[in-house]
Engineer: 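Below you'll find the structure I mean.
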Amino acid sequence: MFSSIPSVTRKLLIANVVVFLLQSLLSLSESTRGWALWFEMWPWVPSQFSVDGPGFMPWQLLTSGFMHGGVGHLVFNMLALVMFGASLEYEWGARRYAIYYFICLIGSALLQLLFASIAIYEGQLYLTLGASGAIYGLLLGYGMLFPNRRVTLLPFPIVLKARTLVIIYALASVFYGVFTTGTGVAHFAHLGGMIVGWFVIRYWRAHPPSSGGPGGGPRRDPRVEALRERRKASKLRVVK
């Protein structure tokens, strides 16, 4: 089953799990517990304020997207990564899919950075970690490419069309981001992943990439195509 997950999705899954294990190991010792703070995303702190920590560093826009706040946080994101990301990689190919994932990851981090930095003036300090911004970008992409596919509204056992699921999660992110504080959930990062993903897909549709270009064009990853062929063959097998 693990081998049927396409290449980039599988590598992202492994990377997130490995980083989480490293986080857990660092937290076991008092001397190393603070190391992870250098890789979580801090807000931009103006000079008139002071914080007990490293503050914002540019690499945090990327590294924070591979860290998680607990097992449940990790499991939920990785389940969504496989559910939505695998289908997008099969459709787009590895290169285009990887570009989309990291654009959504960094774009969502930038939006969250903006709102977390504004919150400093209100006396609130938010540190952000998790792949949720990129995951919401994948959800948006899935809903745009496969709007009528049936998916489950996690964590509830409710089956909806993909586009309906996207609308629900988008509205929830707007509502909780605007009207709630102190929940420990980066709702603007979620919304940012969707917004960036929407612009990327709209741009690609208006400017189809040439064959073999950065967007992938009609060229497919041969490993993904091989997996597709194996799946087709398994469906054609006759059991006597």
Side-chain angles (χ1 to χ4, degrees), residues 2 5 8-45 51-86 97-120 124-140 154-155 169 173 176-177 181-197:
F2 184 74
I5 301 173
V8 175
T9 301
R10 184 167 65 250
K11 290 173 182 175
L12 290 171
L13 177 62
I14 293 171
N16 278 275
V17 171
V18 169
V19 171
F20 180 74
L21 292 176
L22 289 174
Q23 281 182 257
S24 302
L25 290 174
L26 291 174
S27 67
L28 296 177
S29 171
E30 189 68 33
S31 61
T32 59
R33 193 167 296 164
W35 291 8
L37 294 176
W38 287 85
F39 301 99
E40 297 179 23
M41 193 175 71
W42 288 69
W44 183 271
V45 181
V51 294
D52 184 17
F56 174 73
M57 302 291 177
W59 61 76
Q60 295 169 359
L61 294 170
L62 179 63
T63 58
S64 62
F66 288 87
M67 305 175 73
H68 289 84
V71 174
H73 189 202
L74 175 70
V75 169
F76 182 87
N77 277 343
M78 295 304 98
L79 179 61
L81 171 66
V82 174
M83 286 176 61
F84 304 121
Y97 169 72
I99 291 171
Y100 180 81
Y101 183 91
F102 284 102
I103 288 177
C104 290
L105 178 67
I106 295 175
S108 66
L110 286 170
L111 185 62
Q112 178 64 19
L113 174 65
L114 172 64
F115 283 96
S117 300
I118 293 173
I120 289 288
Q124 299 172 340
L125 176 63
Y126 294 120
L127 272 65
T128 307
L129 71 169
S132 301
I135 297 302
Y136 270 65
L138 297 182
L139 172 61
L140 186 281
L154 296 173
Y169 275 106
S173 294
Y176 285 111
T181 58
T183 62
V185 179
H187 296 292
F188 286 113
H190 297 172
L191 188 61
M194 286 187 159
I195 293 173
V196 172

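Computed from heavy atoms alone, side chains included, the values below leave out hydrogens, waters and symmetry copies. Note that the numbering runs from 1 along the sequence shown for the chain.
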Engineer: State the CG-CZ distance between Leu12 and Phe102, to the nearest 0.5 angstrom.
Structural biologist: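 Atom-to-atom, Leu12:CG and Phe102:CZ are 5.5 Å apart.
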
Engineer: With a 4.5 Å limit on heavy-atom distance, are the side chains of Thr128 and Ser64 in contact?
Structural biologist: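 Thr128 does not reach Ser64 side chain to side chain.
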
Engineer: For Val75, enumerate each residue passing the side-chain contact (heavy atoms from CB on, under 4.5 Å) test, keeping only those at least two apart in sequence or located in another chain.
Structural biologist: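 By the side-chain contact (heavy atoms from CB on, under 4.5 Å) rule, Val75 matches Val71.
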
Engineer: Ignoring hydrogens and angles, tell me if any N or O in the side chain of Ser108 forms a donor-acceptor pair with the backbone of Leu105 under 3.5 Å.
Structural biologist: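 Checked: pair present.
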
Engineer: Would you check, one step at a time, whether the test side-chain contact (heavy atoms from CB on, under 4.5 Å) holds for Gln23 with Leu129?
Structural biologist: CA-CA 12 Å; Gln23 281 182 257; Leu129 71 169; 3.9 Å; yes

Engineer: Give the minimum heavy-atom separation between Gly137 and Cys104, together with the two atoms involved.
Structural biologist: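 For Gly137 and Cys104, the tightest heavy-atom pair comes out as CA-SG, 3.9 Å.
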
Engineer: Output every pair passing salt bridge (Lys or Arg N to Asp or Glu O under 4.0 Å) with a member in residues 22-34, not counting sequence neighbours, ordered by first then second residue.
Structural biologist: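 Found Glu30-Arg33.
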
Engineer: Could you pull out the closest heavy-atom pair between Val82 and Ala86, with the gap in Å?
Structural biologist: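 Result for this residue pair: O-CB, 3.2 Å.
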
Engineer: Between atom CG of Leu191 and atom CD of Gln112, what is the distance when rounded to the nearest 0.5 Å?
Structural biologist: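 Between Leu191 CG and Gln112 CD, I get 10.5 Å after rounding to 0.5 Å.
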
Engineer: Who passes side-chain hydrogen bond (donor to acceptor under 3.5 Å, both in side chains) against Thr9, sequence neighbours left out?
Structural biologist: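 Only Glu89, Tyr97 meet the side-chain hydrogen bond (donor to acceptor under 3.5 Å, both in side chains) criterion with Thr9.
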
Engineer: Residues two or more places apart in sequence or in another chain: which of them pass side-chain contact (heavy atoms from CB on, under 4.5 Å) with Ile106?
Structural biologist: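 Testing Ile106 for side-chain contact (heavy atoms from CB on, under 4.5 Å), a comparison that skips the adjacent residues, returns Leu110.
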
Engineer: Once you round to the nearest 0.5 Å, how far does CD of Glu40 lie from CH2 of Trp35?
Structural biologist: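 Those atoms lie 15.5 Å apart.
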
Engineer: Mind checking whether Leu13 and Ile5 have side chains closer than 4.5 Å, heavy atoms only?
Structural biologist: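 They are in contact (side-chain heavy atoms under 4.5 Å apart), so the answer is yes.
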
Engineer: If you take all heavy atoms of His73 and Ser132, which pair is closest and at what distance?
Structural biologist: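 Heavy atoms only, the tightest pair is NE2-OG, 3.6 Å.
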
Engineer: Return the CE to CG distance between Met67 and Leu37, rounded to the nearest 0.5 Å.
Structural biologist: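 Those atoms lie 8.0 Å apart.
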
Engineer: Might you point out which heavy atoms bring Ser31 and Ser29 nearest each other, and give the distance in Å?
Structural biologist: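 Answer, listing the atom of Ser31 first, then Ser29: OG-OG, 2.9 Å.
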
Engineer: Once you round to the nearest 0.5 Å, how far does CG of Leu139 lie from CG of Leu81?
Structural biologist: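 Going from CG on Leu139 over to CG on Leu81, the span is 12.5 Å.
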
Engineer: Give the intermediate values and the outcome of side-chain contact (heavy atoms from CB on, under 4.5 Å) for residues Trp42 and Leu125.
Structural biologist: CA-CA 8 Å; Trp42 288 69; Leu125 176 63; 4.1 Å; yes

Engineer: Which heavy atom of Asn16 sits nearest a heavy atom of Gly65, and at what distance?
Structural biologist: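 Smallest heavy-atom distance, with atoms named: OD1-O, 3.6 Å.
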
Engineer: Considering non-hydrogen atoms only, spot the tightest contact between Trp44 and Leu113 and give its length.
Structural biologist: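 For Trp44 and Leu113, the tightest heavy-atom pair comes out as N-CD1, 3.7 Å.
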
Engineer: What residues, two or more places apart in sequence or in another chain, satisfy ring pair (Phe, Tyr, Trp, His ring centres under 6.0 Å) together with Phe20?
Structural biologist: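 So Phe20 forms no ring pair (Phe, Tyr, Trp, His ring centres under 6.0 Å) with any residue.
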
Engineer: Does Leu138 form a side-chain contact (heavy atoms from CB on, under 4.5 Å) with Ile135? I'd like the steps, not just the answer.
Structural biologist: CA-CA 5 Å; Leu138 297 182; Ile135 297 302; 4.2 Å; yes

Engineer: Hey, can you tell me if Tyr169 and Tyr136 have their rings parallel, tilted or perpendicular (30° and 60° cut-offs)?
Structural biologist: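 If you compare the ring of Tyr169 with that of Tyr136, the planes turn out perpendicular.
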
Engineer: So, using side-chain contact (heavy atoms from CB on, under 4.5 Å) as the criterion, who are the partners of Ala119 when residues are at least two apart?
Structural biologist: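 side-chain contact (heavy atoms from CB on, under 4.5 Å) list for Ala119, sorted by chain: Gln124, Tyr126.
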
Engineer: Sequence neighbours left out, what passes side-chain contact (heavy atoms from CB on, under 4.5 Å) with Ile118? Give chain and number order.
Structural biologist: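 Partners of Ile118 by the side-chain contact (heavy atoms from CB on, under 4.5 Å) criterion, ordered by chain and then number, come out as Leu114.
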
Engineer: Do any pairs count as a side chain to side chain donor-acceptor pair (under 3.5 Å) and have a residue in residues 52-61, sequence neighbours left out, and if so which ones?
Structural biologist: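 The answer is none; no pair qualifies.
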
Engineer: Got a sec, which residues hit ring pair (Phe, Tyr, Trp, His ring centres under 6.0 Å) with Tyr101, two or more places apart in sequence or on another chain?
Structural biologist: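 If we apply the ring pair (Phe, Tyr, Trp, His ring centres under 6.0 Å) test to Tyr101, skipping adjacent residues, there are no hits.
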
